[in-house]
Structure formats: C-alpha cells, structure tokens
Q: 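Here it is, the structure, as structure tokens.
Residue numbering restarts at 1 for every chain, and letters A, B, ... go by the order of the sequence lines.
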Protein chains: 2
Amino acid sequence: MPYDPSAYPPFAVTVDLVVLTVRRHALCALVVRRGESPYEGRWALPGGFVQPKEGLAAAAARELEEETGLRVHESAGQSGGVHLEQLATYGDPDRDPRMRVVSVAHLVLAPDLPAPVSGGDAQTVRWAPVESLLSLEQEESREAADPALAFDHHRILADGVERARSKIEYSALATAFCPPEFTVGELRRVYEAVWGVALDPRNFHRKVTGTPGFLVPTGGTTTRQGGRPAQLFRAGGATLLNPPMLRPEV
Amino acid sequence: MPYDPSAYPPFAVTVDLVVLTVRRHALCALVVRRGESPYEGRWALPGGFVQPKEGLAAAAARELEEETGLRVHESAGQSGGVHLEQLATYGDPDRDPRMRVVSVAHLVLAPDLPAPVSGGDAQTVRWAPVESLLSLEQEESREAADPALAFDHHRILADGVERARSKIEYSALATAFCPPEFTVGELRRVYEAVWGVALDPRNFHRKVTGTPGFLVPTGGTTTRQGGRPAQLFRAGGATLLNPPMLRPEV
DNA sequence: CCAATAGTGTCTTTAAGACATTATTGA
DNA sequence: TCAATAATGTCTTAAAGACACTATTGG
C-alpha cells in the first residue's frame, strides 16, 4: 500500500461494549474498574483497540470473549445466543485526554450467566444495575460515594440502554436475554426489567403467543417459577415482530 | 499528550454522507464522480477525512457544505431545516485498497433544492434516484453501462435508505424533505416517494392532521398543486409521532 | 386447605383501512 | 362545463387494555 501516510491525520480506533443482561429483575450492564490513569479507579465499559487487520464487529467479539468468555452466535437472532450489533461511534476530540480516539460502541445482549463472569477478576469486572449507573451522573453527584463512569461512557451506556429498550418493541431480541428454553412468564419479566414497568400477564400472554414466528413450544413444561407448570418455548425464526410489542405510554 | 503513539495501530478516519432528497416523485441521493484511483470514474458518496480537532458530526456538516452548500440546522427537527444524524461506521480491513480507513457514515435529509447543487461541478456531482443506484449492483451488472458505486458505498447507501424509510414511520422527519411551508398532499408525496408505495389521500390526511404536534397550520393556502386550494402547514414541535405512520404491509 | 403462577375468555376503546361525498380552484 | 386536488365523514375490522375466571402445581 504505497500511500502517503502523512497525508491523513492519525487516529486510534477502539471498540467499547455495552453488555446488557437481566439479573434479579433488573437490567444490568458489565463494567470494569480502571487500573490506570486517566479515571483510575472509576468504572468504565469494557473495550480495547481494534487490531490492524481486524473488522469492527470482530474486534468487539474478541473483546467480549476476553472480558467475559461469552461467544457470539454467528447467525443473529438465535435462541439463547448472544446478540451483538453496532451501536454508534463516539469521536469527540476531547473524549480521551491522552490522544485522539474514535470509539465504535457495540451493544451486546446476553442471557443471565449462571457462573460469575469468567476470565475476569471479580474485583475489576462486575454486573451493575443500569439504573444506578445512569442515575448517579444525572444528579451531578461527582462527589458521591460511587463516582461517575469514565470518559463519555455514561452517554454510551444511555444510548445502548435506549437502543435495547426500543428494539425489543419491534424485534424478537428480548429472547436474547433468555436461556435456550424459557416460559412466557420469564419472557415477560425480561420486558418488565428492561422497560422498568409492570405488564399485565394475561394480555402479554395473548400478544406474545399470537405473534407469528415469535415463540415455538418445545413440548416441555417447568415449575421453576412455582405455581402451575408453564409451557417451555424457544425463539422462533422471526426477527421482526408484527404486530410489535408496545411500551406502555409514558 | 505524552502518550506512546506507536502503542496503537494507526487508522484513517473519514466521514461519508448519504444525502437524500425527493425530486420529481423519486427518492434521490447525492453522488460524486471519482477523479482518481481507485474506482476512478465511478460514482461514490461524498465524504472526506476528519480533521485532527474536529468532531464527527462537525466533519460531516463541513463536508456537506463543501459539496452542496447546504447548512445544517443546529436544533434538530426544524421545518425546512436540513437534518443530519450519524448512520453507522464501516471499518472492514479491505474496504479501501490503499490503507486502513474507518468511515463514519452520516445520513442527511434535505428538501428539494430549487437551484442545482452549488459549489460543485455538474459533471462530477449529481442527484441520482436511489432505485437506479441500488438496483444496479443487485444484478451484479458490473459490465453494464453505469457501473456500481465505489468502495462499500452500495451497502452504506442501502443502510441509509432503510434508515430513512423506517424513521419517517415513527418520527416527524419526513418534514425535513419539505420546504418550510407545505401542504398535506406534498407531505404525502414525500412518504410515497420514500416508501415507493401509493397511500390513500383521505386516510393519510386524517392520520397526519390527527397526530398531535406533527403539523401546525400557518393560515395560508396554495394552489401550486392545482385543484382546490390546500392549507399550508409547517412542522410542529413533535419529533416522535404517536400514533406512528405505518408502512403498508409488504 | 391456601398461595402462587399459568392460561383462557370477554368487553370496551382506539385506530387502521376501504370507500362515499362534498368543496374549491384553473382551464 | 370538466378535471384535478382538498377536505370531511361513514363503516368495518384488528388490536390494545382492563379485568373475570379457571387450571395446576407446592406447601
């Protein structure tokens, strides 16, 4: 590639990850504690540099596996599979005090992990409820006990959460938060945790089982929620929901 | 910034623009003819390098003004104002044969320009119907009279068009294609051109005038479309439409 | 027995889609 | 006059939301 390298300004390109899951009825994001300056000791989104011969999505998948051990499904929209998509790119000239860094943020939706995050130190990697992560900075509580996220990661996280909230309306992505087999009630609790609202179990059941291609019954049942045994489902082939699941009005 | 510059791989960062407008009942995109290798003589999306101390949106706005003379409204969602938003980022290692280039694509929606594109040579900058730009490559007609777009710009254009098609469903962005004052019929023809479908004028009128905050009557009327004089409107303050305008089923 | 969750049905309201009709201009 | 477009109204159907009721487990 004989092309004048001085003719263009040099940038560093990174990927940052908004990794979301639902744990104990709450939407949680993966954060890592920074061990070096700047923002030493602060929580930040996982991420890292894109390698010279590596695509953006590949870099995001590699960082995800390095931080969490999670493997991304190649074919998108599979039941129980981890979902990864590009979110947005953040390139403010002052977003990193060290140098000019353009970060391509990615959104990851994963089912709740039975084991703690593998491949990471529990002291430096953890799941945190997005509500607490986002509310801290809104109150400008820079002096509070738990300080704000590093860099512009508050905005990136907010954008990722809003993307997830809106995408489960018209796509089948909510199943990415569920294990391979799940009940209608478990799926409803995913919607309730992501949206932060209570949904009518009866109307939800009617809607979700009436949307073609959304859910496929596996034949099995489970009582892991207590009460009457519930049918087990897996995600159907549909990626777009018609009619969509609509969030209750504000 | 004393930070080891050799510790990270160098990238070039560019912005590419998908500039859309509606002309003569057709959705059109701005393309420029390349004057140099690679892809010399091919049509491509306008774009260029991000400057060292320039934000991504600022770079997109600058390139837009350089290529077309269009100025972006600062406050988004204004009537008659040009709309600019980030679309997606394309960073395949092989997308540019000269070097590693990551391009942050932006989407621009503009009203039809009475004057031809200013600041550009008519031989090298033109509006082209997106249908013809997109259909060419689908047929793998590399040997056809009008060759395919340069680089991965076919995919970028397709993504931008799909973004515009879906966004006018649930947002008031369709007014960005209209002059500051417009009639319901003109707005309907925008929807018809972007979606490529025919809409019922009566139901459209009822929906669009019944959606709160979408349209504000200015009091004036016009007969520029022929027939009975039509009320003139400007865009209301609403950015999100509730209920949304839904595309007819496929 | 009771508590808890699953699943089905019914009613009301809202909105989409099909289509009739009247209104107001220019040629 | 007619052709063209604007604007309003009516009817049918689909779907959302509220809520009653029955079903099936564990304790």
Q: Enumerate the ring-ring contact (aromatic ring centres under 6.0 Å, His included) contacts for residues 199-222 of chain B, please, sequence neighbours excluded, ordered by first and then second residue.
A: B/Tyr191-B/Phe204
Q: Can you check the A/Phe233 CZ to C/dG7 C1' distance for me, whole Å?
A: 10 Å
Q: Closest approach of A/Ser132 and A/Ser135, non-hydrogen atoms and distance?
A: O-OG, 3.4 Å
Q: Between A/Trp43 and A/Arg126, is there a cation-pi geometry (under 6.0 Å to ring centre, at most 45° from the normal)?
A: yes
Q: Taking any atom closer than 4.0 angstrom to a non-hydrogen atom of chain A, what span of DNA chain D does the protein reach, first nucleotide to last?
A: D/dA16 to D/dT25
Q: Please figure out whether A/Pro229 or B/Arg189 has its closest DNA chain D nucleotide nearer the 5' end.
A: B/Arg189
Q: Applying side-chain contact (heavy atoms from CB on, under 4.5 Å), can you list everything that pairs with A/Val197, at least two apart in sequence or on another chain?
A: A/Trp195, A/Leu199, A/Pro248
Q: What heavy-atom pair brings B/Leu149 and B/Leu157 nearest, and what distance separates the two atoms?
A: CD1-CD2, 3.9 Å
Q: Take atom CZ in A/Arg247; do more than 12 heavy atoms of anything else shown fall under 6.0 Å from it?
A: yes
Q: Does B/Arg155 have more than 12 heavy atoms from other residues, nucleotides or ligands lying within 6.0 Å of its CZ?
A: no
Q: How far apart are the closest heavy atoms of B/Ala193 and B/Val22, and which atoms are they?
A: CB-CG1, 3.7 Å
Q: Enumerate the residue pairs fulfilling salt bridge (charged side-chain N to carboxylate O under 4.0 Å, His left out) with a member in residues 203-225 of chain A, sequence neighbours excluded, ordered by first and then second residue.
A: A/Glu186-A/Arg224
Q: Heavy atoms within less than 4.0 Å of DNA chain D: which residues of residues 211-228 of chain A have one? Give them sorted by number.
A: A/Gly227, A/Arg228
Q: Verify side-chain hydrogen bond (donor to acceptor under 3.5 Å, both in side chains) between A/Asp16 and A/Ser103, making sure each step is shown before the conclusion.
A: CA-CA 6 Å; A/Asp16 281 322; A/Ser103 179; 2.7 Å; yes
Q: Rounding to a whole Å, what distance do you find between A/Leu232:CG and C/dT5:C1'?
A: 14 Å
Q: In terms of the nearest nucleotide of DNA chain C, which residue is placed more toward the 5' end: A/Gly185 or B/Pro244?
A: A/Gly185
Q: Is there a residue in residues 190-210 of chain B whose heavy atoms reach under 4.0 Å of DNA chain D, and which residues are they?
A: B/Arg202, B/His205
